[in-house]
Number of protein chains: 2
Amino acid sequence: MNIGKASLATGVSAKMIRYYETVGLIRPSERTESNYRDFSERDLNDLRFIRRARSLGFSVEEIGRLLSLWRDRNRPSREVKAMAEKHVADLDARIKEMQAMADALRDLSHCCAGDDRPDCPILSDLAGSPAAASQGDTP
Amino acid sequence: MNIGKASLATGVSAKMIRYYETVGLIRPSERTESNYRDFSERDLNDLRFIRRARSLGFSVEEIGRLLSLWRDRNRPSREVKAMAEKHVADLDARIKEMQAMADALRDLSHCCAGDDRPDCPILSDLAGSPAAASQGDTP
DNA sequence: GTTGACCTTCCCATGACAGGAAGGTTTAGA
DNA sequence: TCTAAACCTTCCTGTCATGGGAAGGTCAAC
């Protein structure tokens with residue numbers, strides 16, 4: 001199966017398949033006589049695994065470790081769980097940060113008239129004004 | 001005020017100050033005889049504005065527009081509010097995505113024993129297994 | 001046999017940083 | 001006054017996952 005078919009079959013773009021190969025995430029596939037990549041069912045399974053893991057936000061490096069664990073039939077599930085929990089913690093931290101940004105901006109937005117006048121609490125806040133001043137008002 | 005002092009005074013690293021200059025976010029500052037950058041109070045205000053906007057997640061490009069609006073004393077606050085609302089929407093979308101990832105992973109993690117045994121619903125899920133199979137079990 | 005749709009490798013760009021090298025300047029202390 | 005440390009300057013590189021595109025080889029259908 002060539003790279004186009006493999007891409008269709010797994011939902012991983014051809015570009016990305018080649019990239020995963022160069023960074024060592026997947027083993028180089030077989031090649032046809034004419035040097036086309038030739039993917040086995042096993043290769044496709046790896047690609048699907050990668051796609052799913054990416055969709056859960058794992059980095060390529062983390063997926064490398066997950067793939068090793070997947071291939072190791074003597075893995076302790078403890079290790080997988082630890083990785084998952086750490087990733088969840090990372091996600092939660094980033095979510096919290098973004099939530100704080102969104103909340104702060106929502107507050108400011110809510111206080112902004114949003115009309116033709118220049119007075120704007122959003123800009124005032126960005127300008128670090130303690131009150132409702134803005135550079136245009138007090139240059 | 002040289003770049004080191006400006007960095008301390010604004011919380012923007014010297015590296016970033018130079019970067020913002022090269023990408024045109026800030027105007028090139030004055031220079032001393034010996035070619036050192038020399039920042040005015042106004043420059044510092046711009047840098048503080050940028051730092052605050054970055055902390056709210058605005059991109060450098062968006063901050064460029066915000067700075068223009070800030071400097072334009074005839075701006076309609078409508079434009080600022082629109083930018084803020086769009087940004088909030090972007091944040092919310094990304095938060096939702098990450099929330100979905102975290103929730104999915106939490107579910108899987110919760111079902112994983114996390115001990116010495118190899119059986120692992122997390123890997124099973126990544127492998128796209130409909131049931132609790134894993135590659136190690138069914139190669 | 002031609003055409004079009006593939007494939008190959010290689011290079012470049014993204015965004016917002018950080019690190020570092022090579023070389024000039026300022027400043028503090030001996 | 002000299003020197004060493006702590007600055008500053010520009011320029012180049014790498015990050016991470018991804019897309020775009022050029023130049024050239026291959027396959028498939030008609």
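Naming convention: chains lettered A, B, ... in sequence-line order (proteins, then strands); numbering from 1 in each chain.
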Query raised in the report: First contact, last contact: which nucleotides of DNA chain D are these for chain A, 5' to 3', heavy-atom distance under 4.0 Å?
Result: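 Extent of the interface on DNA chain D: dA17(D) to dC27(D).
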
Check the distance between [N]'s [atom2] and [X]'s [atom1] and give it to me in whole angstrom.
X      : N       : atom1 : atom2 : result
I50(B) : dA16(C) : CD1   : P     : 12 Å
K15(A) : dT14(C) : NZ    : P     : 16 Å
I63(B) : dG15(C) : CD1   : C1'   : 12 Å
R18(B) : dA16(C) : CZ    : P     : 19 Å
N35(B) : dT26(C) : CG    : P     : 11 Å
K5(A)  : dC7(C)  : NZ    : P     : 8 Å
R94(B) : dG15(C) : CZ    : P     : 14 Å
I3(A)  : dA5(C)  : CD1   : P     : 19 Å

Report task. Ignoring hydrogens and angles, answer whether the base of dG15(C) and the side-chain atoms of Y19(B) contain a donor-acceptor pair closer than 3.5 Å. Result ->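 No.
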
Query raised in the report: Below 4.0 angstrom, N of the basic side chain to O of the carboxylate: do D119(A) and R117(A) qualify?
Result: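 A salt bridge is absent here (no side-chain N lies under 4.0 Å from a carboxylate O).
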
Report task. Answer yes when E79(A) and R75(A) have at least one side-chain N-carboxylate O distance shorter than 4.0 Å, and no when they do not. Result ->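 Looking at E79(A) and R75(A), the cut-off is not met.
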
Query raised in the report: Closer to the 5' end of DNA chain D via nearest nucleotide, is it S13(A) or Y36(A)?
Result: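 Closer to the 5' end of DNA chain D: S13(A).
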
Report task. Select from E33(A) and R31(B) the residue whose nearest nucleotide in DNA chain D is closer to the 5' end of that strand. Result ->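 Looking at DNA chain D, the more 5' nearest nucleotide goes with R31(B).
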
**Report entry** Side chain proximity check, C120(A) to V80(B), heavy atoms < 4.5 angstrom
**Finding:**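 They are in contact (side-chain heavy atoms under 4.5 Å apart), so the answer is yes.
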
**Report entry** V60(A) side chain near I50(A) side chain, heavy-atom distance below 4.5 Å
**Finding:**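 They are not in contact (no side-chain heavy atoms under 4.5 Å apart), so the answer is no.
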
Report task. Give one of base, sugar-phosphate or nothing for F58(A), where a contact means two heavy atoms less than 4.0 Å apart. Result ->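 Here F58(A) touches no strand at all.
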
Query raised in the report: When we call it a touch if two heavy atoms are under 4.0 Å apart, what does V23(B) touch: a base, just sugar-phosphate, or nothing?
Result: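 No contact at all - V23(B) keeps every heavy atom at 4.0 Å or more from the nucleic acid.
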
Query raised in the report: Quick one: is R54(B) getting a side-chain N or O under 4.0 Å of the dC17(C) phosphate, OP1 or OP2?
Result: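 So the side-chain polar atoms of R54(B) do come within 4.0 Å of the phosphate oxygens OP1 or OP2 of dC17(C), strictly under.
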
Query raised in the report: Counting just side-chain N and O atoms, does T32(B) come under 4.0 Å of either OP1 or OP2 of dT25(C)?
Result: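 Checking T32(B) against dT25(C): no side-chain N or O falls below 4.0 Å of OP1 or OP2.
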
Report task. Please say whether more than 12 non-hydrogen atoms of neighbouring residues, nucleotides or ligands are located less than 6.0 Å from CD in E30(A). Result ->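 Atom CD in E30(A) is not crowded, with 12 or fewer foreign heavy atoms closer than 6.0 Å.
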
Query raised in the report: L123(A), M101(A): one ILVMFWY side-chain cluster at the under-4.5 Å cut-off?
Result: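 They do not share one cluster, since no chain of ILVMFWY contacts under 4.5 Å joins L123(A) to M101(A).
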
Requested in this report: Classify the side-chain pair N45(B)/R48(B) by whether it contains a donor and acceptor separated by less than 3.5 Å.
Outcome: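 Distance-only check passes for N45(B) and R48(B).
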
